Chemist: 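Sharing a structure, written as structure tokens. Questions coming.
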There are 2 protein chains.
Amino acid sequence: MKKNCNFIEKLREVGLRPTKQRVKMCEVLYNRVKTFHFTINDLVKMLSEEMNQKISLATVYNTVHAFEKKGYLKEISIDSHRSYFDTNTSVHHHFFDEDTNELIDCDESDIDKINIRKNIIGKKINSVEVLVRVASDNQNQK
Amino acid sequence: MKKNCNFIEKLREVGLRPTKQRVKMCEVLYNRVKTFHFTINDLVKMLSEEMNQKISLATVYNTVHAFEKKGYLKEISIDSHRSYFDTNTSVHHHFFDEDTNELIDCDESDIDKINIRKNIIGKKINSVEVLVRVASDNQNQK
DNA sequence: CAACAGTTTAGAATTATTATAATGTAGATT
DNA sequence: AATCTACATTATAATAATTCTAAACTGTTG
Ligand SMILES: [Mn+2]
Ligand SMILES: [Mn+2]
Ligand SMILES: [Zn+2]
Ligand SMILES: [Zn+2]
């Protein structure tokens, strides 16, 4: 159990009241070594498992969207049926394993810098992200 | 009004019965010079406008998914609230205009070939696609 | 310790999508 | 051309995901 004061501070900084529920969600999401990807469903499970106090579904949605808007979470959409949130909010690329439905972060060295030749007048580029879909290589089956 | 025989043939080729509804949807989707992007909602509107014969909503969904499975359509998901289908089924990159919610195709020359250094053991790469999010450049507002 | 604005909550409402089951139809068989 | 059959379409119901509502609650300010 680490200090939640950090979360209380972080929440205050972006103008979110550090309520019990929000702090709890911060703990579940950010009190860990590595960032990770999850669906709303995953999160609801995590919360109900790792918790004494339950959080209503509406609050989970509200809070996730509040975090998203404030830049604490980032949405990664694979297709209309599979949408993930990412506690790694930096602009970064992903592998998506179509066998396991698992999202995997790339780091800087995994994909060379993307060079974009086209520019759209009056528009600036907000982000450039690559999705690499992979699946089991069954060429070695005779 | 061009020849629908093409569509009837195309449908047969992938094992889809060329029913009235499917042929009609082919017309609406493919009887044009350029490929385009649409939501289910867009498509339902297009069908009900450009048509004498109505198609039930369930059939629109079924047919879109049948086309998707057979490689006549491709899904492009921007976020959980915005999912598009693309009549351009090749692997290609997109710009997404966050002001207008418009998807724009890239062609080969717009983005340099993506170089991927990481490889995941036992997995092959199925596709590599880039999404470039753009928005109005308001730096020139004092 | 008020007072208030913002938050949570359960449950209802809405929306998007899929399932159901009756009816229709394309294409094959006589 | 009539019949057959598997597949497709349809209206509608059912489901699932998300958002809304309005009452109760809580963090913050003074
Ligand atoms: Mn969202
Ligand atoms: Mn789909
Ligand atoms: Zn990620
Ligand atoms: Zn496209």
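Since we're looking at a predicted model, the values are computed, not measured. Hydrogens, waters and symmetry mates play no part in the numbers below; they use all other heavy atoms, side chains included. Proteins come first, then strands; the chains are lettered A, B, ... in the order of their sequence lines, and each starts at number 1.
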Chemist: If I take atom CZ in residue A:Arg17 and atom P in nucleotide D:dT26, what distance separates them, rounded to the nearest angstrom?
Modeler: 12 Å

Chemist: Is the B:Phe85 ring parallel, tilted or perpendicular to the B:His65 ring (thresholds 30°, 60°)?
Modeler: perpendicular

Chemist: What class does the angle between the rings of B:Tyr72 and B:Tyr30 fall in, given that below 30° is parallel, 30 to 60° is tilted and above 60° is perpendicular?
Modeler: perpendicular

Chemist: Sequence neighbours excluded, which residues qualify as salt bridge (Lys or Arg N to Asp or Glu O under 4.0 Å) partners of B:Arg17?
Modeler: none

Chemist: In whole Å, what is the span from the OH atom of B:Tyr61 to the P atom of C:dA19?
Modeler: 13 Å

Chemist: From NZ of A:Lys24 over to P of C:dT8, roughly how many Å is that when rounded to an integer?
Modeler: 15 Å

Chemist: Going through the checks in order, is the side chain to side chain donor-acceptor pair (under 3.5 Å) test met by A:Glu75 and B:Ser80?
Modeler: CA-CA 8 Å; A:Glu75 191 177 11; B:Ser80 57; 2.5 Å; yes

Chemist: With a 4.0 Å limit, can you tell me whether A:Lys20 has a side-chain N or O closer than that to the phosphate oxygens OP1/OP2 of D:dG27?
Modeler: yes

Chemist: Between B:Gly15 and B:Lys54, which residue's closest nucleotide on DNA chain D lies nearer the 5′ terminus?
Modeler: B:Gly15

Chemist: Hey, which of these two, B:Thr59 or A:Asn41, hits DNA chain D nearer its 5' end, going by closest nucleotide?
Modeler: B:Thr59

Chemist: Looking only at side-chain atoms of B:Ala58, point me to the closest of D:dT10, D:dT28, C:dG27.
Modeler: D:dT10

Chemist: For B:Gln21 and D:dT10, is the shortest distance between a side-chain N/O and OP1 or OP2 below 4.0 Å?
Modeler: yes

Chemist: A:Ser56 near the nucleic acid: base, sugar-phosphate alone, or nothing, with a heavy-atom cut-off under 4.0 Å?
Modeler: base

Chemist: Using whole Å, report how far CD1 of B:Ile8 lies from P of C:dG27.
Modeler: 8 Å

Chemist: Output the rounded distance in Å from CD1 (B:Ile55) to C1' (D:dT9).
Modeler: 10 Å

Chemist: Do A:His37 and A:His94 have side chains that get closer than 4.5 Å, going by heavy atoms?
Modeler: yes

Chemist: So what does B:Thr19 hit on the nucleic acid, given a heavy-atom distance under 4.0 Å: a base, only sugar-phosphate, or nothing?
Modeler: sugar-phosphate

Chemist: In whole angstroms, how far is the P atom of C:dG27 from the CD atom of B:Glu9?
Modeler: 10 Å

Chemist: When the distance from NE2 of B:His81 to C1' of D:dT18 is rounded to whole Å, what number comes out?
Modeler: 9 Å

Chemist: B:Asn62 CG to D:dC7 C1': how many Å, rounded?
Modeler: 12 Å

